[in-house]
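See below for the structure under consideration.
The first residue in the sequence is number 1, and the count goes up from there. Model, not experiment: these values are computed from the prediction.
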Amino acid sequence: MQAIHNLLRPSTYRFIDQSEMGPTFSALQSFATDDALAMSVGQGNSPTTARIWVHHNTIVLGIPDARLPYIDEGIDYLKEQGFQAIVRNSGGLAVVLDDGVLNLSFIFPDAKEVNIHDGYEAMVQFIKLLFQEEGYPIEAFEITGSYCPGTYDLSIDGKKFAGISQRRVKNGSAVQIYLCVTGSGQERAALLRHFYDISKKGEETRFAYPTIEPETMASLEELFQKELSVQDIRNRMLYKLHELSGHIVTDPLSNQEMEWFEQRFEHMVQRNGKALDHLE
């Protein structure tokens, strides 16, 4: 049995479940929530927090994506496919969120004392613990040909099912992962490949955008060859968090956290206005 990362062993976890908020729940609200929680956890007002969230038919763009030469045409294509687009405030490039993708944010304290790689490693370890009984070795390395490729891509047999990003606010860090639970990994990747084809049109760009090969992506349902649901993975997470800490609280956002959320949400709206206002 592998040693458990210290970040995963708080005396208490706070668990916030936003996996069933429905189609009106905006990804802008999610990123603002994580910022508010990072401020709260960083100040010691909240224990280490695990927040799960689902967004319907949303493409979360990275800041470099907003600079694609024909981004307006790319956004139009996404809208035609039934997807909205937002620009996030954490690192990385475009990812696909839909009702078969479960997102998990760990909000850890002491960001200024903890190495950024520790946050990533803790998330990788948690996902390995979550699925260890399935018997498939999960690896963390960059999957070339995937969308939003990065050092902490999670894959089984070379097929990526998850990607991790991290954002630090004050003295808290939000480590975020998307898990493709159900549906077709290839279909999600094909959507973004077409988006990049339209948005770039083969032009030379200063930033190196990924050349997406859909066969590099898969969902956990496809990889485990068994029926899964977002709710099933949610329940597994809750069980594992309780196993790691022994104590879970489900406190809603405090008045102070709501105030911070509103400020951060306004920032997100303004950021997206600047990034995408010429696309309307």
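In this structure, CZ in Arg51 is found 4.5 Å from OG in Ser105, a value given to the nearest 0.5 Å. From Asp65, atom CG reaches atom SG of Cys148 across 8.0 Å, with rounding to the nearest 0.5 Å. Separation of atoms CD (Gln125) and CD1 (Ile4) is listed at 5.0 Å; rounding is to 0.5 Å. Within the model, atoms SG of Cys180 and CD of Glu187 stand 12.0 Å from one another, a figure rounded to the nearest 0.5 Å. Note that CG of Asp98 and CG of Leu191 are 9.5 Å apart. Values are rounded to the nearest 0.5 Å. For the atom pair Asp34 CG and Ile107 CD1, the distance stands at 4.0 Å (nearest 0.5 Å).
Shown here are the salt bridge (charged side-chain N to carboxylate O under 4.0 Å, His left out) partners of Lys159, two or more places apart in sequence or in another chain: there are none. Under the rule for a salt bridge (charged side-chain N to carboxylate O under 4.0 Å, His left out), the partners of Glu243 that lie at least two apart in sequence or sit in another chain are Lys240. Glu134 is linked by a salt bridge (charged side-chain N to carboxylate O under 4.0 Å, His left out) to Lys226, Arg236, counting only residues two or more places apart in sequence or in another chain. Remark: Phe126 pairs with Phe106 by the ring-ring contact (aromatic ring centres under 6.0 Å, His included) rule, at least two apart or across chains. Judged as a side chain to side chain contact (heavy atoms under 4.5 Å, CB included), and not counting sequence neighbours, the contacts of Val269 are Leu28, Phe265. In this structure, the salt bridge (charged side-chain N to carboxylate O under 4.0 Å, His left out) partners of Asp17, at least two apart in sequence or on a different chain, are Arg234. Remark: Ser229 engages Gln231, Asp232 in a side chain to side chain contact (heavy atoms under 4.5 Å, CB included) (not counting sequence neighbours).
In terms of modelled atom types and a separation under 3.5 Å, the side chain of Arg168 and the main chain of Ala111 share a donor-acceptor contact. The backbone N or O of Ser26 sits less than 3.5 Å from a side-chain atom of Gln29, completing a donor-acceptor pair. Between the side chain of Arg88 and the backbone N or O of Leu93 there is at least one donor-acceptor pair closer than 3.5 Å. Under a 3.5 Å cut-off, the side chain of Arg9 and the backbone N or O of Leu244 do form a donor-acceptor pair. Under the 3.5 Å distance criterion, the side-chain polar atoms of Arg67 are left unmatched by any main-chain donor or acceptor of Thr205.
Looking only at side-chain heavy atoms (C-beta outward), Val124 and Ile164 come within less than 4.5 Å of each other. With a 4.5 Å cut-off on side-chain heavy atoms, Pro47 and Pro10 do not count as touching. Side-chain contact between Tyr13 and Leu238 is absent, with no heavy-atom pair separated by less than 4.5 Å. Using a 4.5 Å heavy-atom threshold, the side chains of Tyr196 and Leu68 count as touching. For the pair Asn45/Val41, no side-chain contact is recorded, criterion being any heavy-atom separation below 4.5 Å from C-beta on. Contact of the Val96 side chain with the Ile59 side chain is registered, since non-hydrogen atoms from C-beta on lie closer than 4.5 Å. Leu130 is listed as a side-chain neighbour of Ile233, based on a closest heavy-atom distance under 4.5 Å.
Residue pairs that meet the ring-ring contact (aromatic ring centres under 6.0 Å, His included) test with at least one member in residues 42-81, sequence neighbours left out, are Phe25-His55, Phe31-Trp53, Trp53-His55, Tyr77-His194. Within the structure, side-chain hydrogen bond (donor to acceptor under 3.5 Å, both in side chains) contacts touching residues 213-223 (residues at least two apart or in different chains) are Ser219-Glu222. Within the structure, ring-ring contact (aromatic ring centres under 6.0 Å, His included) contacts touching residues 155-175 (residues at least two apart or in different chains) do not occur. Applying the side-chain hydrogen bond (donor to acceptor under 3.5 Å, both in side chains) definition to pairs two or more places apart or across chains, those involving residues 145-154 are His117-Tyr152, Glu121-Tyr152, Ser146-Lys160, Asp153-Lys160.
Of all heavy-atom pairs between Val87 and Asn272, the closest is N-OD1, 2.6 Å. The minimum heavy-atom distance between Ile156 and Pro137, with the atom names listed, is CG1-O, 3.8 Å. The nearest pair of heavy atoms linking Ser155 to Gly158 is CB-C, 4.1 Å.
Residue Tyr239 places its OH atom among 12 or fewer non-hydrogen atoms of other residues, nucleotides or ligands, all under 6.0 Å distant. Heavy atoms from other residues, nucleotides or ligands lying under 6.0 Å from NZ of Lys170 number 12 at most. Dense packing is recorded around CG of Asn115, with more than 12 heavy atoms of other residues, nucleotides or ligands lying under 6.0 Å away. Counting heavy atoms of neighbouring residues, nucleotides and ligands inside a 6.0 Å radius, atom CD of Glu227 does not exceed 12 of them.
Through chains of ILVMFWY side-chain contacts below 4.5 Å, Ile143 is grouped with Phe141.
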side-chain contact (heavy atoms from CB on, under 4.5 Å) assessment of Leu154 paired with Glu139
CA-CA 6 Å; Leu154 294 188; Glu139 297 181 285; over 6 Å; no
Check step by step if side-chain contact (heavy atoms from CB on, under 4.5 Å) holds for Ile248 and Leu241.
CA-CA 8 Å; Ile248 289 178; Leu241 292 170; 3.9 Å; yes
Pair Arg14-Thr48, side-chain contact (heavy atoms from CB on, under 4.5 Å): steps then yes or no
CA-CA 6 Å; Arg14 181 183 181 187; Thr48 295; over 6 Å; no
May I have the step-by-step check of side-chain contact (heavy atoms from CB on, under 4.5 Å) for Phe108 and Thr49, ending in yes or no?
CA-CA 7 Å; Phe108 295 123; Thr49 299; over 6 Å; no
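Separation of the Phe224 and Tyr136 ring centroids falls under the 6.0 Å cut-off.
In this structure, a donor-acceptor pair under 3.5 Å is absent between the side chains of Thr33 and Ser30.
Checked against Asn103 for a side-chain contact (heavy atoms from CB on, under 4.5 Å), the options Leu97, Val60, Val230, Leu179 give a single hit: Leu97.
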